[in-house]
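Below: one structure, written as structure tokens.
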There are 2 protein chains.
Amino acid sequence: MEKDLKKLFTEKGLKMTIQRVAILEYLMKTKTHPSADMIYEHISKKYPTITLSTVYNTLETLVNKGIIKKIPTFAGISRYDADLEPHVHLVMGDDKNVKIKDIYDKEIIQQIRTEVANKFNLDVDDNNIYLIIEEKRQQ
Amino acid sequence: MEKDLKKLFTEKGLKMTIQRVAILEYLMKTKTHPSADMIYEHISKKYPTITLSTVYNTLETLVNKGIIKKIPTFAGISRYDADLEPHVHLVMGDDKNVKIKDIYDKEIIQQIRTEVANKFNLDVDDNNIYLIIEEKRQQ
DNA sequence: TTTGTAAATTAAAAACATTCTATTTTACTA
DNA sequence: TAGTAAAATAGAATGTTTTTAATTTACAAA
Ligand SMILES: [Mn+2]
Ligand SMILES: [Mn+2]
Ligand SMILES: [Zn+2]
Ligand SMILES: [Zn+2]
């Protein structure tokens with residue numbers, strides 16, 4: 001399906017490079033919502049000359065073009081997702097161990113959206129809702 | 001009400017210092033959910049010798065003792081809140097302009113909690129729920 | 001009230017993810 | 001195939017937060 005990617009990149013006005021293909025294909029195959037560094041660790045095994053800068057630049061570009069999504073976490077380390085189907089991310093865990101679950105349930109998404117929209121007069125799009133839950137702290 | 005603070009600090013096994021009182025009183029008076037730096041900027045006008053390290057250390061201590069809450073944001077800059085009444089934080093805006101709104105509405109909180117609990121078998125406590133919403137990006 | 005000591009503050013350095021800058025390399029167009 | 005704009009690279013810089021090591025302070029005990 002390299003041809004599909006070529007079309008996608010061209011449509012978005014992007015050149016198709018080895019690095020971009022590797023990053024996007026990895027993101028499309030995985031369900032783990034990896035961080036920039038996780039992506040770098042994976043990709044650099046096959047392409048040892050790639051740099052972390054390139055991974056960051058590429059991810060930023062893909063996010064800006066709407067090809068992937070950036071998932072913020074309370075740990076301050078962003079995660080990435082190539083699944084564009086509307087779903088909510090439940091971000092859990094602590095700084096050292098972030099866990100992300102997908103919520104595809106339409107009812108829940110709609111409920112949250114309606115509540116937010118009604119209370120705050122916000123036009124919120126599914127992709128931009130994050131429900132972040134911290135683990136309990138000891139007092 | 002300096003006496004109340006003395007009691008609070010003693011109960012928690014903390015020494016009462018000028019810095020801790022200044023930080024906690026500021027947090028208790030404001031409704032703005034300030035960052036460490038915002039707190040530092042405010043406090044250092046009255047106590048010019050305080051350092052940002054002390055602000056961070058103090059906030060960490062107060063959070064660990066359950067005296068205040070730490071609010072994560074997608075901007076990677078944490079905010080702080082001395083309001084312990086159960087409420088959900090709606091974090092909006094972009095990196096340069098984070099806006100935080102409080103949701104006290106019991107029904108919404110209960111709804112979100114129930115949904116999360118049912119779907120994921122999680123015992124979630126009101127204080128630890130964050131609904132984070134990013135502003136739409138241009139494609 | 002004074003003294004002793006552990007706890008807290010301070011200044012500075014380090015850590016960490018991320019962004020930026022300047023140079024080299026590459027993809028695509030003509 | 002050559003020319004050029006875009007992208008990749010290496011490394012420095014940034015901004016928030018944490019850590020370290022030295023100094024100062026709060027407060028319990030005498
Ligand atoms: Mn790594
Ligand atoms: Mn400042
Ligand atoms: Zn996802
Ligand atoms: Zn609040």
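Numbers restart at 1 for each chain; the letters A, B, ... are given by sequence-line order, proteins then strands.
C:dT19 atom P lies 14 Å from atom CG of A:Asp37, rounded to whole Å. Atom pair A:Lys6:NZ and C:dC28:C1' shows a separation of 7 Å (rounding to whole Å applied). Between the CD1 atom of B:Ile77 and the P atom of D:dT17 there is a distance of 6 Å, given to the nearest Å. Atom CG in A:Leu62 sits about 13 Å away from atom C1' in D:dA7, given to the nearest Å. Atoms CG (B:Leu59) and P (D:dT17) sit 10 Å apart, rounded to a whole Å. At whole-Å resolution of the value, NZ in A:Lys12 and C1' in C:dA27 are 20 Å apart. Atom pair A:Met38:CE and C:dT18:P shows a separation of 11 Å (rounding to whole Å applied). Following rounding to the nearest Å, A:Met16 (CE) and D:dA8 (C1') show an atom-to-atom distance of 16 Å.
Using a 4.0 Å heavy-atom cutoff across all strands shown, A:Ser78 reaches sugar-phosphate atoms only and no base atom.
Put simply, the side chain of A:Leu8 reaches to within 4.5 Å of the side chain of A:Leu24, judged on heavy atoms.
The side chain to side chain contact (heavy atoms under 4.5 Å, CB included) check on A:Thr10 picks up A:Lys6, with sequence neighbours excluded. Qualifying ring pair (Phe, Tyr, Trp, His ring centres under 6.0 Å) partners for B:Tyr26, counting only residues two or more places apart in sequence or in other chains: B:His42. Not counting sequence neighbours, the partners of B:Ser35 by the side chain to side chain contact (heavy atoms under 4.5 Å, CB included) test are B:Asp37, B:Met38, B:Ile77, B:Arg79. Not counting sequence neighbours, the partners of B:Thr54 by the side chain to side chain contact (heavy atoms under 4.5 Å, CB included) test are B:Gln19, B:Ile50, B:Thr51, B:Thr58.
Residues B:Thr10 and B:Tyr56 both approach DNA chain D. Their nearest nucleotides, taken by heavy-atom distance, put B:Tyr56 toward the 5′ side.
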For nucleotides 3-10 of chain C, read 5' to 3', which letter fits each nucleotide if B means a protein heavy atom sits under 4.0 Å from the base, S means only the sugar-phosphate is that close, and - means neither? ---BSSSB
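Counting only residues at least two apart or in different chains, ring pair (Phe, Tyr, Trp, His ring centres under 6.0 Å) contacts with residues 50-71 of chain B are absent.
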